[in-house]
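Have a look at the structure below before the remarks.
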Amino acid sequence: MIKTEKILHLKSSRGRKVRVVREHYLRERVPCGSCLCQAACDNDGKVLPGDLTHYVVPDVGVVVDYLEILEFRELQGVVFTQTACQAVQHSKGRRQYNRLRNLLKDPRHDCVLFANEFQEYSYCPREKGECQERWQTRCVYSAAVWYHDHLAGMMDIVMITEDRDAIAQYGSLNSGVYVISVQDFLRDFWPQVQGAHELYSSISQALQEKESEAPQKEYSEHLPAEVLEAGIKSGRYIKGTLNISKHRPQNEASIMTDGLSNKSTDLSRGVLVDGGKNRNRAVHGDVVVVELLPKSEWRGKVTALTEGQGEEKGGEENESQPMPTGRVVGILQRNWRDYVVTFPPRDGTQSQSRNSQRILAVPWDRRIPKIRISTQQADALQDHRVVVRIDSWESTSLYPNGHSVRVLGPAGELETEVQTILIENGIHVAPFSDAQLREMPVNSPEKPWTIDPAQAAERRDLRESHLVFSIDPRGCEDVDDTLSVRSLPGGKLLELGVHIADVTHFVTEGSLTDLEARLRATTYYLADRRYDMLPAVLSADLCSLLGGVDRYAMSVMWELDAHTLAVNKVWYGRTIIRSSYQLHYELAQALLNGEEEAEVPELSELGPEEKDAKLAELTQALETLTHVARQLRAQRDRGGALELEGVEVRAQLDEQRNITALVPRQPLEVHETVAECMIYANHWVARKIQETFPHQALLRRHPPPRQEFFSQLVDSAKARGFAIDTRTNKALADSLDQALDPQDPLVNRLLRMMATAAMSQALYFSTGLESQDQFYHYGLALDRYTHFTSPIRRYADIVVHRLLAAAIDPEREAGLGRTLASNKELEEMAQHINNKNMAAQRAQKSSTALFQCLYFKERDPQTDPSCVADAVIYSIRNNGILVFVPEYGVKGPVYVKNRDGQVVAAGPDGSCEWQSGSVRQHSDHISTTSSCGTSTFRLFDHITVRISVHSAPFHGDSLNLEVVSNKPHRGAEPQQTPSQGRSQLVQEVVRLAEEASQQAQEKKAAQPKLSKEEREFRQSKTPNLYSLLEEVRELALMDLDRAARVCATTA
Ligand SMILES: [Zn+2]
């Protein structure tokens, strides 16, 4: 080993120059990371394959500026030099550096790190007077030559650089080592990776523009990091996350501090940042540092109900008095993500751009500033939605600079809008890669999958001993859960079994499939499609507990006292099952009801005698199960479990899985029965893993709601003569059950919706983080709870299965070399899954809203009768009301006073028109007074509204509701369920979109690019309203805002 001294002159990301002297050790052996290695390097971890045409070694400038291109998975054999990595760390900051490190770690990317500056023969000391850039390039070239020699010339090496001098100097120095530009590299080696070419031109455009920026100051400079740190410590500055108001994105933003309090000032409500100058280039989500302004400059928030504003929690009315107000003096962490923008039409209004190629693109999210994009495709991209990234925001620039990454398609088209929703919610669902699919077991007619004898030896075999069956929605493909129940000999004991798909048998921790599933965290359900968490061979086949086939399961089996149901013994373990019946809910209920015509498909071939015997056996099992579930439910009810507003329509599917009808869901008892058994299994698994791993188990808790959020519920119920007691979950559950209006079932539904909206969210967490009294699940009234029963579509369940496996057989797990996630790792995982679940809910809500808008966009609100509907008032505001339209599941504001000061006046027949007058808000009604007299809108009144589309091409459309009459809609039957309209709505929008896309394809067959995008992203396009509805009472449709998160039946 040779010791030398290395002197570095570094420029920090904040522009300061630093001189660093480092002792530097050189060695002969530094891993090369290639499987062609002839020198027996110590290559652990990733290695580059030997069957490539070349390895590519990017120069420092390429790694710094074009990292995104190197992130394309198609680009194989990439060698990142230590020199380049250090340069990224110093010039681009921690975020970009982490990105590079993640790339190096990610097994899906074929790239390695080479510690070239520690390698005796590739290291070149910096020469006197040599500038840093030239020296770095020399180092990278030297590394490239080293690779070529080290691999004995078996692999060509391509160094890519944007430095023309380097190409001239090194280009023909060594045969087998090529030095070319990024553009030539992409053109020669990756002509088919269109995205990389587009990205290259967009980044290089942006870089050129940056050089030619005018030096005029628009904003004050940010303070250096040391000053910020010192200021925070001393209490002069406040650190927090910038949150920009959705309703007044231009002016209003606030800083949410982590409960920090400035010595003299109460900051519990946050710090207001008023206007763009004070925001000083901070973008929504950035971690910023603010300085408080003098008290005389403090402002209040604006609280009037503004256009487009729907829901809000009560208690915000008083926020208009002045509050601590500040200005941003520095930014600690940028939280920029990918943004969807729309390129505006080029009608000459682009006065801001000095150059015709610079476009101010408008982000879909109103909270994000316009982004300046340099492009040569400005004309082609008019009115298109494009994914962009922000590169920088200099103090000399009014807007941030960015570059385009990918074109989604013309604004307003269904496919474009769906992709927009996914990206805006941070949902990435690239198709499963080939490498990942190669990990999957095979099950084909030629090569059917069978039970492995080694597994058979380890597992408890229930195939002969137990009658196992599943009960699911009609047409369900991914059967996560099955049940069994039987009397044990002697008749004193019952054995209840819940058998769950053994997904973790097939998905090894750390495998590519596991990484992808973890990243997705859940299956995503949109209005017309779903994106599965696991590939179909698992989710719909080998993990799915289908009838009549052998499957691996994770089972929980209880021995219960047949009378009291007291638990005598619990057994957890891996099993082999063969489900005898794949029932659907209606069939199971029909059997329970003793309906003669109920036909069980599995029995249709049998002779009458055998059939009757089997049928009796099955019915007996269903009856026992119902009996058990009733008692379990009663136990939880006594503890105060809540029944909240859930999904109450279901889709009927035909053979092709098309939706033929949406019918009101009969509240079948068997739904509750199955749900109760799953809740029981989840609860007992939670107990087991928590007791075995008290500090590192993944549980799910549901904190009790904050009482003040119930005020709307309590007041509204009172207006109708009901008293709601919110002191405990039991009291709440009881009083909600009492609040029934026999004339109008919607009243109870709306009250339950309000209760749901007031709830906090159920969340995953690691037990090491909370004390045990925090584990409580309020909605289910259980002291411990987790998710175990749906591992096919939830990653949390996969984590829990692994914990359970470790708990029941620690030695086996240790023998397999597995270690448990630490409390900290588990908590990070819990956060990640929580975030993805919220993203899934937001995306689902947006996609439903999208379909509603596309549906009404096709209609003339003035003439089309389907645009007029019955609506119920559920909240009173100072200039309007909030209503719910049951037919379409739409909620929104209806204004009774407009911007011109006119008010809604109802004639004797109820029909409404705008007149000059005044408005008065009361606790349970709002009334307007005009020359016609007084018109009143009361809580829970039915009125008639007209639905139209409020067009907002840049941000996505929304629905606009206006009152037509203050009487119920004629012909509206309050009893009739909604959702006929909804299913037609989805079907029709899909049909129109398909027609449109077909026409478009016929018109321009020359543009296959978008349809390729479409194929790429649409992984399974089942008619998904069905899954949407059944999947989740956790994602209840009727109240997309929050219902779902806490719906009692599956939470
Ligand atoms: Zn080697």
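Every number for a ligand or one of its atoms is a count from 1 in the order of the listing.
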Requested in this report: Begin from the C-alpha positions of Glu130 and Arg138 and carry the test salt bridge (Lys or Arg N to Asp or Glu O under 4.0 Å) through to its verdict.
Outcome: CA-CA 10 Å; Glu130 185 179 36; Arg138 198 157 61 82; 2.8 Å; yes

Report task. Please answer whether the main-chain N or O of Thr81 pairs with a side-chain N or O of Asn116 as donor and acceptor at a distance below 3.5 Å. Result ->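 Checking the backbone N and O of Thr81 against the side chain of Asn116, no donor-acceptor pair under 3.5 Å is found.
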
Report task. Using modelled atom types only, decide if a donor and an acceptor are shared between the side chain of Ser392 and the backbone of Glu394 within a distance under 3.5 Å. Result ->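 It does not hold such a pair.
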
Query raised in the report: Charged N to carboxylate O below 4.0 Å: is that the case for Arg29 and Asp42?
Result: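 Here Arg29 does not pair with Asp42 in a salt bridge, since their nearest N and O are not under 4.0 Å apart.
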
Query raised in the report: When you check the space around the Zn ion (ligand 1), which protein N, O or S atoms turn up under 2.8 Å?
Result: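 Metal shell, protein only: Cys32 SG, Cys37 SG, Cys41 SG, His150 NE2.
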
Query raised in the report: So Asp434 and Arg438, salt bridge (Lys or Arg N to Asp or Glu O under 4.0 Å) or not? Walk me through it.
Result: CA-CA 6 Å; Asp434 291 343; Arg438 276 196 294 274; 5.3 Å; no

Query - Atom pair CZ/CD1 of Arg794 and Ile798 - distance to nearest 0.5 Å - result: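 Interatomic distance, Arg794 CZ to Ile798 CD1, rounded to 0.5 Å: 11.0 Å.
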
